[in-house]
Amino acid sequence: MKTALVFSAGGLFGAWEVGVWRELEHAVTPDMVVGASIGAINGWMVAGGCPAEEMERRWLDLRVMSRLRWRIPRGPLEGILEFGPLEALIRELYDACRPRVDFGVVATDTLRMRPRLFRTPEVSWRHLAASVGMICIFRQYRIDGRVWSDGGLLGALPLWGAVEMGAGRIVAVNCLPALPSALLTAGVRTVQWLARHRPPRIPESVQVSELRPEGVLGTLRESMVWREENVRRWIERGRADARAWLRAGTGFA
């Protein structure tokens, strides 16, 4: 039975996922990794064998996310925040961490409002960049003639992607069990209603164990603007939550 590790969307709350992986690294051996949005970036590093300690170091040096500049978009796909520095970081990570296990990244077809799973070996740095590309905020990417955006737009935790890849067991690392603001919640629900998207049901035969923090990890602003003290706090909280999960016993180790 194949085990999948699934990372959720969640902006900079993804630091919590890194803390979780610090504790799970030697306890869980996934046959495949799936991620959406920031979870795709974390997932790419995990699938590529990047040590959890190195992931933490990269997150603590993510100052590029504290210096993103507002801009007037030059076109409908550009977004209102300068994406160049973040794109450069994604390209560097893509080259540094090539997957050693099957990897899947979810992006959303912007026009059709439908998520799609892209799998190695077809995944490029553009797929990773597209998956973190929040509509109107960051750049959208054209791949194979279509425009792709945030992989977490229609669902933060892509369990269905792991099922599509053949997983029989799923360890789900969900840093976004609830959205950090009522306005954002209303907006996302409206988009989901307009899209009429219903994710496939997870078969009862698939074992799912989900790790999630208690409540939200911070504010909407904190989820988008990097601050070292927040990242350290979320990583430590992720480690504590993972230790509790391991103590509880899941049968996945």
Side-chain angles (χ1 to χ4, degrees), residues 5-30 33-69 81-101 103-107 120 123-134 137-139 150-152 156 171 173-176 211 213 217-218 221-242:
L5 186 64
V6 178
F7 290 101
S8 78
L12 292 175
F13 297 156
W16 178 88
E17 298 177 344
V18 176
V20 168
W21 186 241
R22 282 295 304 265
E23 300 298 324
L24 298 192
E25 183 177 27
H26 301 296
V28 175
T29 304
V33 181
V34 179
S37 197
I38 194 61
I41 304 302
N42 284 335
W44 182 262
M45 288 190 282
V46 170
C50 180
E53 186 175 357
E54 171 67 11
M55 292 175 62
E56 180 175 336
R57 185 196 66 77
R58 285 180 174 275
W59 268 86
L60 290 172
D61 194 34
L62 199 61
R63 289 174 175 80
V64 63
M65 287 299 293
S66 68
R67 300 192 296 266
L68 297 180
R69 297 179 178 179
L81 285 179
E82 172 57 49
F83 196 67
L86 187 55
E87 179 184 291
L89 177 62
I90 290 171
R91 296 181 72 160
E92 189 272 325
L93 280 174
Y94 178 81
D95 290 334
C97 307
R98 293 304 176 95
R100 301 177 182 179
V101 298
F103 175 78
V105 53
V106 175
T120 50
V123 175
S124 70
W125 69 265
R126 287 181 173 273
H127 293 89
L128 299 180
S131 189
V132 302
M134 291 181 287
I137 303 298
F138 291 135
R139 180 179 301 161
D150 190 352
V171 177
V173 183
N174 185 5
C175 70
L176 198 66
L211 288 86
L217 290 168
R221 176 177 172 77
E222 287 173 332
S223 75
M224 298 184 65
V225 180
W226 183 93
R227 293 183 65 185
E228 183 177 341
E229 56 266 39
N230 287 339
V231 170
R232 290 188 182 277
R233 173 165 53 87
W234 293 330
I235 288 174
E236 288 307 310
R237 184 167 172 182
R239 298 190 71 169
D241 289 340

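The neighbour count for Arg98 CZ, taken as heavy atoms of other residues, nucleotides or ligands under 6.0 Å away, is above 12. Residue Arg100 qualifies as open at atom CZ: its count of foreign heavy atoms under 6.0 Å is 12 or below.
Taking the six-membered ring where tryptophan is involved, the planes of Phe138 and Phe83 are tilted, since the angle between them lies from 30° to 60°.
Taking CD1 from Ile90 and CG from Asp95, the interatomic distance works out to 12.5 Å, rounded to the nearest 0.5 Å. The line from CZ of Arg126 to CZ of Arg91 is 7.5 Å long, rounded to the nearest 0.5 Å. A distance of 4.0 Å separates CE in Met224 from CE in Met134, rounded to the nearest 0.5 Å. Here the straight-line distance linking atom CD1 of Ile235 with atom CG of Asn230 works out to 11.0 Å at 0.5 Å rounding. For the atom pair CD (Glu228) and CG (Leu60), the distance works out to 5.5 Å, reported to the nearest 0.5 Å. In this structure, the separation between CG on Leu128 and CG on Leu93 is 8.5 Å, given to the nearest 0.5 Å.
Heavy atoms only, all atoms of each residue included: Cys175 and Phe13 are closest at CB-O, 3.6 Å. Summarising the geometry of Gly84 relative to Arg139, their closest heavy-atom pair is N-NH2, 4.5 Å, with the distance given to 0.1 Å. Closest of all the heavy-atom pairs between Ala9 and Leu176 is O-CB, 3.4 Å. The two residues Pro213 and Asn174 make their nearest non-hydrogen contact at CD-O, 3.1 Å. A pairwise comparison of heavy atoms in Val105 and Ala40 identifies CG2-CB, 3.5 Å as the closest pair. Shortest non-hydrogen contact noted between Arg22 and Glu53 is CD-N, 3.8 Å.
A donor-acceptor pair under 3.5 Å is formed between the side chain of Asn42 and the backbone N or O of Gly14. No donor-acceptor pair closer than 3.5 Å links the side chain of Tyr94 to the backbone N or O of Trp44. Listed for the Glu17 side chain is a donor-acceptor partner under 3.5 Å among the backbone atoms of Ser8. Without hydrogens or angle criteria, Glu25 side chain to Ala52 main chain gives a donor-acceptor distance under 3.5 Å. With hydrogens and angles ignored, the 3.5 Å screen pairs a side-chain donor or acceptor of Trp226 with a backbone N or O of Trp59. When atom types are taken as modelled, the side chain of Ser223 and the backbone of Gly11 share no donor-acceptor pair closer than 3.5 angstrom. With hydrogens and angles ignored, the 3.5 Å screen pairs no side-chain donor or acceptor of Ser37 with any backbone N or O of Asp150.
For the pair Leu89/Leu62, a side-chain contact is recorded, criterion being any heavy-atom separation below 4.5 Å from C-beta on. Leu12 has its side chain out of reach of Ile38: every pair of non-hydrogen atoms, C-beta onward, lies at least 4.5 Å apart. Residues Trp21 and Val173 form no side-chain contact, since every pair of their non-hydrogen atoms from C-beta on lies 4.5 Å or further apart.
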Go through it in stages, so that I can follow the logic: the residues are Phe7 and Val20, the test is side-chain contact (heavy atoms from CB on, under 4.5 Å), and I'd like the CA-CA distance, side-chain angles, deciding distance and then a yes or no. CA-CA 10 Å; Phe7 290 101; Val20 168; over 6 Å; no
Give the C-alpha distance, both sets of side-chain angles, the deciding distance and a yes or no for side-chain contact (heavy atoms from CB on, under 4.5 Å) between Leu217 and Glu222. CA-CA 9 Å; Leu217 290 168; Glu222 287 173 332; over 6 Å; no
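For Glu229 and Arg232, the salt-bridge test fails: no basic side-chain N is under 4.0 Å from an acidic carboxylate O. Salt bridge status for Asp241 with Arg239: absent, with no side-chain N to carboxylate O gap under 4.0 Å.
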